[in-house]
Amino acid sequence: MASGSGLKMERIREAFQRALTGALPPGADLTLERPKSVELGDLAYPCFRAAKAAGKNPAQLAQDLAASLKVEGAELLAAGPYLNLRLTAETRSRLLVGSLLSDRPFGAGPASGRRVIVEYSSPNIAKLFTIGHLRSTMIGHGMVQVHRFLGDEVIRLNHLGDWGTQFGTLLAAYKLWAEAGNADLTKDFDWADDAPEKRRSPLFRLFQLYVRFHAEEEKDPALRDDARGWFRKLETGDAEARRLWSWFREISLAEFKRLYDRLGVGFDTFEEGEAFYEDRMADTIQALEAAGLLIEGDKGARIVDLEDVGIKTPCMVVKADGGSVYATRDLATGVYRRDHYKYDKCVYVIGGEQILHMQQVFAVLKKLDPAWFTDGKLVHTPFGLIKLPEGKMSTRKGNVIFLEDVLDEARERVLAVIEEKNPELKDKADVAEALGMGAVVFFNAINDRTKAITFEWDRVVALDGDTGPYVQYAHARIMSVLRKAGGTWAAQATPGAFDGRQGPVVPYAAAELPVDLAGLEAPEAQALLFELAGLPSAYRMAQEQLQATPIARQLLAVARAFSGFYTNCPILKDETSPADRDARLALCVATARALRQGLFLMGIQAPDEM
RNA sequence: GCACCCAUAGCUCAGCUGGAUAGAGCAUCAGGCUUCGAACCUGAGGGUCGGGAGUUCGAAUCUCUCUGGGUGCACCA
């Protein structure tokens with residue numbers, strides 16, 4: 001008997017395409033689609049184009065092809081203008097369960113030899129993480145995981161906002177309101193509202209200084225000069241400014257790392273933020289100068305004109321006073337990464353409000369070195385803002401929603417549900433954390449990243465419907481069945497030791513495929529297999545679209561299909577024969593593995609009980 | 001004013017890059033737990049795909065235009 005792992009959907013697909021090649025004129029488009037449901041089949045060939053080329057009716061062509069072609073292990077059916085390939089239930093079961101029970105990760109790609117940089121998260125020093133930062137952080141994390149899973153080498157960079165004029169603001173504010181009575185930022189300020197216990201950190205107090213400065217600056221514009229003066233001191237290497245800067249950076253980074261740990265997100269380095277490029281900008285400016293790209297702008301600034309590439313706003317590289325700007329650092333960053341990493345693709349996960357800026361930077365780099373910065377090498381992955389029902393969030397104004405508050409609230413709500421539904425559960429706190437995180441992270445991924453999101457508590461931390469916890473619930477139910485089944489069943493769906501920061505693969509040992517899979521003939525079981533079969537293309541789509549959305553949606557489809565299977569196909573009940581029981585348990589193992597792996601790529605855990 | 005993004009069921013959104021009868025969740029209504037976990041499942045109602053024109057065998061998808069929203073537009077990042 002063929003062991004399942006020898007049977008692959010890829011082979012079937014190739015055989016189908018080979019058969020089509022023989023029957024159609026050379027050069028015909030052989031793109032195959034996924035039918036809408038398993039009743040139609042497993043692979044679909046739309047006949048429209050080929051029919052047109054042959055001067056035939058598409059439905060007629062589909063019928064002709066169905067009658068003349070043959071593919072081993074499958075039947076070919078004409079369904080209107082489509083030629084569908086449908087596997088037998090036996091073949092479909094063997095193929096998918098077999099793949100998922102092997103020790104090779106289902107849907108993963110072979111090493112591509114490509115090196116991809118993903119720049120994401122990139123928070124500004126001295127600001128607290130808001131719900132807005134979750135977008136860049138988790139979109140980036142998902143991209144890292146998916147690219148790795150599909151075989152790319154990935155370098156994870158955090159372009160920390162640890163330089164720039166906002167440090168003038170911080171330094172000035174610190175000197176004005178902190179140095180005298182609260183130099184080490186260990187005490188609450190007497191001028192500020194009492195902070196909740198959990199926020200009484202030095203970083204939070206820095207944030208309070210920042211907010212106060214911008215409030216007072218409205219009333220007293222002279223403060224602005226004070227801030228500029230401090231930034232100049234920092235740039236010219238003033239010892240005190242440097243010392244404070246370095247300290248601010250340190251306390252910020254400590255908080256950031258704590259949150260990244262909570263999110264399960266990691267980076268290859270934190271040392272290549274904006275400050276890292278401070279002394280590398282001169283070379284880049286020099287190079288632009290040498291290339292003859294820098295011209296003098298209206299008020300004396302040095303700019304690169306981009307009119308010829310369709311960008312009407314020129315890119316300012318050097319301010320009239322000789323200072324650098326954001327673009328200067330980004331250009332130096334681009335040049336450094338070219339020389340240092342020799343990558344194939346660099347993905348910038350940065351908000352949509354910076355589209356123009358990114359276009360400018362990419363355009364200038366392209367002018368500087370057209371041979372290296374080819375099309376597609378630099379990719380901006382913009383995403384929509386998270387807004388509040390009452391409008392835009394603003395760190396300066398202090399009307400923000402902190403990420404930790406969202407995660408905490410989600411955890412509390414989950415805990416309340418656990419107390420109600422499963423009060424005996426052990427490790428309640430850990431499970432609540434995993435589910436709360438699942439709700440928030442999944443919500444962030446479920447919708448197209450380019451669209452703006454209005455933050456509403458009840459939607460972000462929702463626990464039923466199209467949510468992370470729905471997928472996690474399906475997984476927990478499976479594990480519960482597997483535990484009750486005894487033997488090695490639960491172990492088969494339990495991964496070996498792994499660490500999310502090391503790689504994208506959830507490691508499972510090879511398990512034995514039952515000989516008799518007749519227990520999977522029910523339509524609900526076949527529908528579940530069909531959705532499992534959709535996962536590999538969801539992974540590829542996620543890589544192409546640079547977002548985890550397709551994965552989230554396919555996981556929902558799998559979880560939903562599992563619920564249908566679970567309610568209609570008894571597994572451990574007396575009415576089920578031993579052979580059917582084993583087949584269904586094997587499908588449970590396969591599904592649990594698929595769900596856990598998919599969630600893991602998104603940065604979400606799958607508890608065994610909830 | 002100019003540029004980019006968005007508009008699909010009462011609400012929030014999918015719709016695999018031009019293809020099969022436009023699908024999910026929430027909400028509403030009607031059902032389903034002495035039986036593997038009801039954080040679940042089954043069913044119902046609900047649509048001029050913002051308006052208009054065009055491209056072709058075929059458009060929610062591509063082009064143009066109008067309307068309504070969002071985001072930007074050189075000395076902040």
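Just so it is clear: chains get the letters A, B, ... in the order the sequence lines come, proteins before strands, and each one is counted from 1.
The side chain of P35(A) approaches A20(B) more closely than any other nucleotide in the set C36(B), A20(B), C40(B). The nucleotide whose nearest atom lies closest to any side-chain atom of I571(A) is, among C36(B), C40(B), C76(B), C36(B). With A39(B), C4(B), C41(B) as the candidates, the nucleotide lying closest to the side chain of I355(A) is C4(B). Candidate nucleotides C36(B), A20(B), C40(B) were compared by shortest atom distance to the side chain of A44(A), and A20(B) ranks first. Closest contact between the side chain of A301(A) and the listed nucleotides G37(B), C75(B), C41(B) involves C75(B). Of the candidate nucleotides A77(B), U35(B), A74(B), A77(B) has the atom lying nearest to any side-chain atom of E274(A). Of all nucleotides listed (C41(B), A74(B), C36(B)), C41(B) comes nearest to the side chain of T567(A). Here the side chain of K36(A) is nearest to one of G23(B), C41(B), U71(B), namely G23(B). When distances are taken from the side chain of V325(A) to each of U71(B), C36(B), A77(B), the shortest belongs to A77(B). Set against C13(B), A39(B), C36(B), the side chain of Y473(A) has A39(B) as its closest nucleotide.
Of the P atoms belonging to A22(B) and C16(B), the separation is 15 Å, rounded to the nearest Å. Across the P atoms, A60(B) and U48(B) are found 14 Å apart, a figure rounded to whole Å. Nucleotides A9(B) and A14(B), compared at atom P, are 12 Å apart to the nearest Å. Spacing of C1' atoms, G68(B) relative to C5(B), comes out at 14 Å, to the nearest Å. U65(B) and A3(B) are spaced 10 Å apart, taking the P atom of each and rounding to whole Å.
Pairing for C64(B) goes to G52(B), judged as Watson-Crick or G-U wobble with the two contacts each under 3.5 Å. When both pairing distances are held under 3.5 Å, A14(B) makes no Watson-Crick or G-U pair with any nucleotide shown. Figure legend. G58(B) is base-paired to no nucleotide; pairs are counted as Watson-Crick or G-U wobble with both atom distances under 3.5 Å. Pair check for G72(B) finds C2(B); Watson-Crick or G-U wobble, both atom distances under 3.5 Å.
Within 4.0 Å of C569(A), counting heavy atoms only, lies at least one base atom of the nucleic acid. K299(A) comes within 4.0 angstrom of a base, heavy atoms only. I418(A) comes within 4.0 angstrom of a base, heavy atoms only. Base contact: S480(A) has a heavy atom under 4.0 Å from a base atom. Counting any heavy atom pair closer than 4.0 Å across all strands shown, L356(A) reaches sugar-phosphate atoms only and no base atom. Contacts of P469(A) with the nucleic acid, taken as non-hydrogen atoms under 4.0 Å apart, are absent. Using a 4.0 Å heavy-atom distance criterion, K484(A) is classed as a sugar-phosphate-only contact.
Remark: K451(A) is in phosphate contact with A7(B), judged by side-chain N or O atoms under 4.0 Å from OP1 or OP2. Taking 4.0 angstrom as the limit, Y326(A) places none of its side-chain polar atoms (N or O) nearer than this to OP1 or OP2 of A77(B). Under 4.0 angstrom from either OP1 or OP2 of U42(B) there lies no side-chain N or O belonging to Y566(A). The side chain of R329(A) contributes an N or O atom lying less than 4.0 Å from OP1 or OP2 of A77(B). Not one side-chain nitrogen or oxygen of K127(A) sits closer than 4.0 Å to the OP1 or OP2 atom of A77(B). Residue K421(A) places at least one side-chain N or O under 4.0 Å from the OP1 or OP2 atom of A39(B). Look at R581(A) and you won't find any side-chain N or O under 4.0 angstrom from OP1 or OP2 of C36(B).
When ring centroids are compared, H475(A) and Y470(A) stay outside the 6.0 Å threshold. Two rings, from Y210(A) and F248(A), have their centers 6.0 Å or more apart.
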Where protein sits on nucleotides 56-65 of chain B, one letter per nucleotide: B base, S sugar-phosphate only, - none, heavy atoms under 4.0 Å = -B--------

key: Stepwise side chain to side chain donor-acceptor pair (under 3.5 Å) check, E217(A) with H214(A)   = CA-CA 5 Å; E217(A) 177 192 59; H214(A) 282 290; 3.2 Å; yes

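Interatomic distance, L24(A) CG to R49(A) CZ, rounded to the nearest 0.5 Å: 13.0 Å. With rounding to the nearest 0.5 Å, the separation of CG in L331(A) from CZ in R280(A) is 15.0 Å. Going from atom CG of L587(A) over to atom OH of Y566(A) covers 13.5 Å, rounded to the nearest 0.5 Å.
Stacking of R477(A) on the aromatic ring of F562(A) is not recorded, the 6.0 Å distance cut-off and the 45° axial limit not both being met. Taking the centre and axis of the six-membered ring of F276(A), the NZ or CZ atom of R329(A) falls outside the cone set by 45° and 6.0 Å.
Here the side chain of Q360(A) pairs a donor or acceptor atom with the backbone of T313(A) at under 3.5 angstrom.
For U17(B), the glycosidic angle deviates from 0 by 90° or less, giving a syn base.
Of the two residues near RNA chain B, A320(A) and P46(A), the one whose nearest nucleotide lies more 5' is P46(A). Toward the 5′ end of RNA chain B lies the nearest nucleotide of R459(A), the other residue of the pair R459(A) and D466(A) mapping further downstream.
RNA chain B lies under 4.0 Å from at least one heavy atom of each of the following residues of residues 435-450 of chain A: L435(A), N447(A), D448(A).
Salt bridge absent: R483(A) and D608(A) never bring a charged side-chain N and a carboxylate O closer than 4.0 Å.
Residue H380(A) forms a side chain to side chain contact (heavy atoms under 4.5 Å, CB included) with just one option from Q359(A), M358(A), H357(A), and that option is M358(A).
Contact annotation: side chain of N84(A) to base of A20(B), donor-acceptor pair present below 3.5 Å.
One can place CD1 of I478(A) at 16 Å from P of A39(B), the figure rounded to the nearest angstrom.
No side-chain N or O of E544(A) forms a donor-acceptor pair with one of Y539(A) less than 3.5 Å apart.
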